[in-house]
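Below you'll find the structure, written out as structure tokens, and then a few comments.
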2 protein chains.
Amino acid sequence: MDTVGNTRTGPRPGLRERKKQRTRDALLRAAVELFTTRGYDHTTVDEIAAAVDVSQRTFFRYFSGKEEAALALQAMTVAHFVAAVRARPAHEPPMEALRRAVLDGWDRISEVIEAVVPVELYLRMYRVIESTPVLLAAHLRRSAETEEELARLIAEREGLDVDADPRPRVAVAVFGGVIRVTERLWSTGPDVSLEAMRTLTAEYLDQVGPVLAGDWRVR
Amino acid sequence: MDTVGNTRTGPRPGLRERKKQRTRDALLRAAVELFTTRGYDHTTVDEIAAAVDVSQRTFFRYFSGKEEAALALQAMTVAHFVAAVRARPAHEPPMEALRRAVLDGWDRISEVIEAVVPVELYLRMYRVIESTPVLLAAHLRRSAETEEELARLIAEREGLDVDADPRPRVAVAVFGGVIRVTERLWSTGPDVSLEAMRTLTAEYLDQVGPVLAGDWRVR
DNA sequence: TGTCAACTGTCAGAGGCTGTCATTAGCCTC
DNA sequence: GAGGCTAATGACAGCCTCTGACAGTTGACA
């Protein structure tokens, strides 16, 4: 099964495969639905399984744990983001490529998510993640893994050795740091629209340069 | 009780307090000892409690969970780092203050840690954290909290409003991003000496400027 | 010294997660 | 289309983390 979970392509699979896909989708939907209404901590795996009329054991055959179910939607968008970076023209400077890839990602998010759940639900889940300590922690760890992948990707683009030249990892770390700030501000702020996320991201990325200039008091 | 755990100052406390401190230290030592030898996942709370001859319930009265015990040493050094930033002279530019505070932190780490466990054990524990998914996740979440605290601190230094001016948060995010890269490289690399950590940190922080310059191929 | 409050141990139980094994249900061949 | 093969599932049993409740113990302090 596709780890990321919802790539529907190729020839029509057999009944068995279709059934599995349906079960997984149903579990994911039920989980997100419950998480966003009752909260992550107040939702038990038994409840999720019961909502889909499946045994608890089966839930754990589709998801490595409660956590994975909660982060599955995120994983999908992240995968598309990485693909977008990979697709950027080679002549773009690294930071520029990363910047355009995220902003593009936010623009295309509906296409990716809507196949499984309404985007609105995805946005609500995003806030659950940000406000639930264990989920935030897991999310940050995954972000670290993504950063490693991106660093290798950037190094390749620029014809560098990731383990010899610090710049790819530093670039991605700087970028990732800013992205995480915007994620948190957006999810705790008043305007949770996609447009707000876009402008916030762009605005904050623009601040990296000024920040390095020593004296901030002169604006 | 002090959350960070091991600030021994002020007048000599009563027998009860001293006993509590001893129990906590013993639990922490036992935990770290077991984590670094058997590994975090293969150590149960029962084993830690048994090693100190205390009930499992008591362990949970001193630490909110297994995780907190594993990150307690880290928490101590982080607290000292934040204090160091606070102590930097006001005329230093933000990034400079942060940089000097970390490097200072590494220099003084023995003074902070040695009161509880040998530094060597601390360094080994550091690597356990970095190589244990759940611990790394928790560590990253705490780092995010620290960043928020630092952002407020920097904003205050510079006479800015954290919620109005993006720069404090961006600065800290950039800094934190680089620090985390060095942490990971160091803990997975061949040379785990303190000196290696110091030079790695300095070297990588120096790369932030160059990274933002567009064309990397011209070195 | 006796009372109070803090600390501890014991017990019971919820919830996440795993191994095992029997049963069910697609799939494929003859 | 009957039967064998194998993947998927359900049903337990059990480990581990963590919490609440209650009773026993031990410093602190008048």
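Chain identifiers are assigned alphabetically (A, B, ...) following the order of the sequence lines, protein sequences preceding nucleic acid strands; residue numbering begins at 1 within each chain.
To the nearest angstrom, C1' of D:dT19 lies 15 Å from CG of B:Asp46. Spacing between atom NZ of A:Lys19 and atom P of C:dC27 amounts to 9 Å, rounded to whole angstrom units. One can place CD of B:Gln56 at 12 Å from C1' of C:dA12, the figure rounded to the nearest angstrom. Spacing between atom CG of B:Asp53 and atom C1' of C:dG9 amounts to 12 Å, rounded to whole angstrom units. For the pair A:Arg16 CZ and C:dC27 C1', the interatomic distance rounds to 6 Å; values are reported in whole Å. Between the P atom of D:dC16 and the CG atom of B:Asp41 lies a distance of 12 Å, rounded to the nearest Å. Whole-Å rounding puts the B:Glu17 CD to D:dC29 P distance at 11 Å. Separating the CZ atom of B:Arg24 from the C1' atom of C:dA6 is a distance of 18 Å, rounded to the nearest angstrom.
Counting only heavy atoms from C-beta on, A:Thr58 has its side chain closest to D:dG10 among C:dG16, D:dG10, D:dT17.
Here A:Glu17 pairs with A:Lys20 in a salt bridge; the nearest charged N to carboxylate O distance falls below 4.0 Å. The existence of a salt bridge linking A:Glu156 and A:Arg152 is excluded, since no basic side-chain nitrogen approaches an acidic carboxylate oxygen closer than 4.0 Å. A salt bridge between B:Arg169 and B:Glu148 is present, with a side-chain N of the basic residue lying under 4.0 Å from a carboxylate O of the acidic one.
With hydrogens and angles left out, the side chain of B:Arg57 and the base of D:dG20 share a donor-acceptor pair within 3.5 Å. With hydrogens and angles ignored, a donor-acceptor pair closer than 3.5 Å exists between the side chain of B:Arg61 and the base of C:dG9.
Residue order along DNA chain C, read from the 5' end via each residue's closest nucleotide, puts B:Thr23 first among A:Glu67 and B:Thr23.
Dashed line: the shortest gap from a side-chain N or O of A:Tyr62 to OP1 or OP2 of D:dT9 is under 4.0 Å.
Using cut-offs of 30° and 60° for the angle between ring planes, the A:Trp186 and A:Tyr126 rings count as perpendicular.
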